[in-house]
Amino acid sequence: MTAPSYPTTWRRPPQIVKDRRWRLALQIGILVYLVLAIGSVEVNWARVYDGLERGQRFIMGFLQPDFSSRWRDISQGLVESLTMTLTSTVVGVAISVPIGIGAARNLAPRWIYYICRSIIAVSRALQEIIIAIFFVAMFGFGPFAGFLTLSFATIGFIAKLLADDIEEINESQAEAIRSTGASWWQVVNYAIQPQVMPRLIGLSLYRLDINFRESAVIGIVGAGGIGATLNTAIDRYEYDSAGAVLLIIIAIVMVAEYGSSYLRKFLQ
């Protein structure tokens, strides 16, 4: 078997626009568009100047965080965020698995495929903050609306990637299981599941990290969690308490990041 040969000289890749005059015209057009776009932005420089002073106060509060004065509210919001994160991830992944299987073209009938893909499309089309506003309007303020929001967002994320992984499996393993007379469920259990399970575990851990960060965002619209505490501290100009909340969020995200990386290496 001969070793593959590699090119010894560099060749310029083909250009999309070959005419030099058209390339120059496109570059000038993009530059003019950027200048006009920047010029259309209405900047209130007096507001910017006042904002710099408030930004300085916020940075000073971040450098001198106050964990004690509002610790009760911070701890309550933190517990709500962690509870929402864990429960929404578990529930979302549990619902995502059958939807992801149904959304795999090589595994599900066509009518089930279209139904599951539609569910995924709806979940992915709506951003978490919009879903949170909708659930807060339906069920009121609190962590229940945040739990529903994160569960709904998890379904679109996990089911989409799981379905794509199932469509990219090694079909020879599935055909070998089918040739033994195995049922559809046995094919899923013995041919599909071993190939996609490590990926599913990794995606679930990654979504757990995302859900905690999103819980800090959706709390701004009243969906509970540490975000509501952060929003209250900023509204009251308590930047030292807001800095404490941000440091806690950063610390937990870092712990989740390193922990999930270790677990993925261990599981794979």
Side-chain angles (χ1 to χ4, degrees), residues 51 54-96 127-155 157-158 201-264 266:
R54 288 192 295 269
Q56 182 181 4
R57 290 166 52 194
F58 182 80
I59 293 174
M60 293 303 297
F62 185 81
L63 297 177
Q64 298 176 348
D66 181 12
F67 293 91
S68 58
S69 61
R70 293 180 59 84
W71 175 247
R72 183 175 181 180
D73 294 335
I74 293 174
S75 60
Q76 180 180 356
L78 181 61
V79 170
E80 287 183 356
S81 281
L82 292 175
T83 303
M84 286 192 303
T85 299
L86 182 60
T87 54
S88 63
T89 303
V90 172
V91 172
V93 171
I95 300 175
S96 298
Q127 213 274 340
E128 282 85 347
I129 196 72
I130 300 175
I131 304 172
I133 294 173
F134 176 73
F135 282 130
V136 167
M138 287 182 61
F139 303 106
F141 298 100
F144 181 65
F147 160 75
L148 293 176
T149 300
L150 297 178
S151 298
F152 186 77
T154 300
I155 293 172
F157 180 85
I158 297 293
I201 295 174
L203 290 174
S204 302
L205 294 174
Y206 182 48
R207 187 66 209 186
L208 183 70
D209 182 13
I210 294 176
N211 282 345
F212 179 76
R213 289 186 279 113
E214 291 296 335
S215 70
V217 177
I218 62 176
I220 297 176
V221 296
I226 196 68
T229 307
L230 176 63
N231 188 43
T232 301
I234 294 176
D235 289 341
R236 296 179 179 179
Y237 300 103
E238 299 174 353
Y239 296 124
D240 49 358
S241 298
V245 173
L246 290 177
L247 287 175
I248 291 174
I249 293 174
I250 293 172
I252 293 180
V253 170
M254 290 180 64
V255 171
E257 177 67 23
Y258 290 122
S260 61
S261 298
Y262 174 77
L263 286 175
R264 283 195 295 267
F266 176 77

(request) State the CZ-CE distance between Phe144 and Met84, to the nearest 0.5 angstrom. (result) 12.5 Å
(request) State, yes or no, whether a side-chain contact exists between Ile252 and Leu78 at a heavy-atom distance under 4.5 Å. (result) yes
(request) Can you establish whether the number of heavy atoms outside Phe141 located under 6.0 Å from its atom CZ is more than 12? (result) no
(request) State, to 0.1 Å, how close Asn211 and Ser88 come at their nearest heavy-atom pair, and which atoms those are. (result) ND2-OG, 3.6 Å
(message) If you define the side chain from C-beta out and look only at heavy atoms, does anything of Phe135 sit under 4.5 Å from Ile218?
(response) no
(request) Flag the pair Ile248 / Ile226 as yes when at least one side-chain heavy-atom distance between them is below 4.5 Å, and no otherwise. (result) no
(request) Please report the shortest heavy-atom distance between Leu203 and Phe157, naming the atom on each side. (result) O-CE2, 4.1 Å
(message) Could you report the tightest heavy-atom contact between Ile74 and Ala244, atom names first, then the distance?
(response) CD1-CB, 4.4 Å
(request) Work out which heavy atom in Ala242 is nearest to a heavy atom in Ala233; give both atom names and the distance. (result) N-CB, 3.9 Å
(message) I want to check something: taking the side chain as every heavy atom from C-beta on, are Val79 and Thr83 in contact at a cut-off of under 4.5 Å?
(response) yes
(message) Could you measure the distance from the CG atom of Leu86 to the CG atom of Leu82? Nearest 0.5 Å is fine.
(response) 8.5 Å
(message) Counting C-beta onward and ignoring hydrogens, is there a side-chain heavy-atom pair between Leu150 and Thr89 closer than 4.5 Å?
(response) no
(message) What I'd like to find out is whether the side chain of Ile158 reaches to under 4.5 Å of the side chain of Arg207, using heavy atoms alone.
(response) yes
(message) Could you measure the distance from the CZ atom of Phe152 to the CD1 atom of Ile131? Nearest 0.5 Å is fine.
(response) 5.0 Å
(message) Tell me if the CD atom of Gln56 is crowded by more than 12 foreign heavy atoms within 6.0 Å.
(response) no
(message) Testing the basics here: between Thr229 and Gly77, what is the closest heavy-atom pair and its distance to 0.1 Å?
(response) OG1-CA, 3.9 Å
(request) Please test Arg213 against Asp209 for side chain to side chain contact (heavy atoms under 4.5 Å, CB included), starting from the C-alpha separation and ending with a verdict. (result) CA-CA 7 Å; Arg213 289 186 279 113; Asp209 182 13; 3.5 Å; yes
(message) One pair to check against side chain to side chain contact (heavy atoms under 4.5 Å, CB included): Phe134 and Thr149. What are the steps and the verdict?
(response) CA-CA 9 Å; Phe134 176 73; Thr149 300; over 6 Å; no
(message) Looking at every heavy atom in both Ser81 and Ser215, which two are closest together, and how far apart are they?
(response) OG-OG, 3.3 Å
